[in-house]
Amino acid sequence: MGAEQEQEQLEKEKEKEPDENEDTMDRGYNLNDNVDILAEIMARLDGRSLGVAACVCRLWSTVCKQDRVWEALCDRHVIGGAGDPGTRSVVAALGGYRRLYRLCLGPALDRLTCSGETTDSDKQGWAHLSLSLSLSLFSIDCYERLEGKQRPASLLFLCKPVNVA
Amino acid sequence: MGPYGSDSTTIASAACSGPEMDAILAGAGFGTRLSGPCNVTNASDYSLPFNPSDLTTWVDSMLTDLTSATTANLPPQPIHATWTNQICSPLNPTDHAASHVLMAQQRKEEEDSGIRLVHLLMTCADAVQRDNTGLAASLVDEMRVLLSRVNTLSGIGKVAGYFADALFRRIYTTEVPLSTSEYEVLYHHFYESCPYLKFAHFTANQAILEACEGYDRVHVIDFSLMQGLQWPALIQALALRPGGPPFLRITGIGPPSPDGRDALREVGFKLAELARSVRVRFAFRGVAANRLDNVKPWMFQATQGEAVAVNSVLQLHRLLTDPATTPAPIDSVLEWIVGIRPKVVTVVEQEADHNKPTFIDRFTEALFYYSTMFDSLEGSRPQHQRQMALAEVYLQKEICNIVCCEGENRVERHEPLAQWQTRLANAGLHRVHLGSNAFRQASMLLTLFSDEGYCVEEVDGCLTLGWHSRPLISASAWRAPDADVSPDDSSVIASNSNNCNIIINSNHNNNNSSNNVSGSDDNRISV
């Protein structure tokens, strides 16, 4: 992460130069030139918006498919659990954060907002539990895929999945 | 069109074979429509007795009710006349009311048929109990006729259809037990289409996790491995355990595979693969046995210092016998369970009383239980019709076992939680309260299952999952006395291990490097 931040800093400094000649047409600033900033922005989107963003162009699609973007999304919906290295390696082994969100966390959160959880502390408790439950379900899905099944069925009961493929 | 729609003359001639019936029933499941109002549980409004000793008086009262009700039934022609009237003059305002009346009458007719069916079922069961085969056979005929006129795709028609079929099989044919692979397919579909088994697995896993906290070696003994769907979640949870994962050993018990392939070992391989990917040290052993009482504790090779967890999901009831006969195999099995000093024994059982001595009692209980069960299946709207149909066949097999089989063949001897609590306490096990985490996890799991009819309740430290306040499955956790001694203590392994000179070839692929996992243990012990 250190190298990336450094690079970001360098890019930001480069960006500052065009401010002086904003009216010259040959040096406009294009967000697409700066993939890391793009990724940072994407990392703040919710699941559906990420899906929409992935349809904009090839570059955005590549950026949106990065697992760290989805990791940030998952991290925001649980209490201090999704981001630590231990969880990260387990999730990566089971199929990645993007798949986790698509198959488990997204539908679970959708379901929870449908049923309307009330108090904030309650919601936090639910969110924390939803990670462990989602990971459990995710591991079962991963296990079924080990057999080479084309469409593992253990997660079909989750209704209204967020389609971000 | 229900399964009994065609000729009823085939009864006396060649009885339908099992697979044909299955195909028919599966076919019925394909066209399933969900009916809203005509719910099986509504039948309870008509005061079906819970106490079967009142049966004769109830039957008499129903007969008088029905004879008065039949005069109110509309013959078909006036219905047609109303329909044509409606088609011909759509602007007639009184037809709107007429169609409401029509629907209400149809509903009443269906409910009446439903009651009549239940009445017939009870009478037939009573006849079977009294060995009055002639009367029973004629009643089955009558039921088939009635079923052809009733909606057998949902509600009481469907359940009655299954029970009538089971009675038919009891009278005319012998029930053929399922092959292992067939059973596994049905089990898998049942697992996917309703939350009972998931609830069982997740609750048991939570109890195992909590009991084995702090231990560096965990040994799980699974009484029925099937495809091992319970264990990926445990492996994942152990991988994320604060303090790092323990060394996990799973011993899976299952029936021997007939066709030479070692099913247990295959499942073990898959679990090992998963464990390897999340970096949990893992070993697996399969024990092939047809019955749990053939399994002996030395086969588990429980070693010192490891936390043993015994997991039984819907298995212990198979070891029961008729209440009069003692000793039952359950006693010897419970004895050796206590002998291996497990840190936790997770027991999941159906919450029903299907082991009563008299047939009519069992039949009535089963009718209520499976009506609720089928209700919940319809309510949860599984994604595929085929999945639901196969889940129903899974339940139908249980029904057939309860109704048709006797003696050793009857394995579905469900007993309610209270009786299990007494039995397990008498064997020397202490109850472990399932914590609030388990409860919250179960509630959360239910919110993910689409329908609102499911309810989780905590009863005395045990969790039950039910449909509309009727509990259908219960999960509890137990431990051996003095099981919380420190891991360094030399725990008592079953002493009969000294009597056996079995040398087991150990093909451990244990990598001794810190983060890596083992392969699966190649041992298989057949009994």
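Proteins get letters first, then strands, A, B, ... in listed order; numbering begins at 1 in each.
- B:His468 and B:Thr372 form no side-chain donor-acceptor contact under 3.5 Å, judged by distance and modelled atom types alone.
- Among residues two or more places apart in sequence or in another chain, the ring-ring contact (aromatic ring centres under 6.0 Å, His included) test is passed with B:Tyr394 by B:Tyr183, B:Phe190.
- B:Lys270 and B:Glu266 are not joined by a salt bridge, as no carboxylate oxygen comes within less than 4.0 angstrom of a charged side-chain nitrogen.
- Partners of B:Asp216 under the side-chain contact (heavy atoms from CB on, under 4.5 Å) rule, at least two apart in sequence or in another chain, are B:Arg281.
- Using a cut-off of 4.0 Å between Lys/Arg side-chain N and Asp/Glu carboxylate O, A:Arg68 and A:Asp36 are scored as salt-bridged.
- When the heavy atoms of residues 230-239 of chain B are compared with those of chain A, the residues falling under 4.5 Å are B:Pro232, B:Ala233, B:Gln236, B:Ala239, listed by number.
- Listed by chain and number, the residues in a side chain to side chain donor-acceptor pair (under 3.5 Å) with A:Ser61 are A:Lys65 (sequence neighbours excluded).
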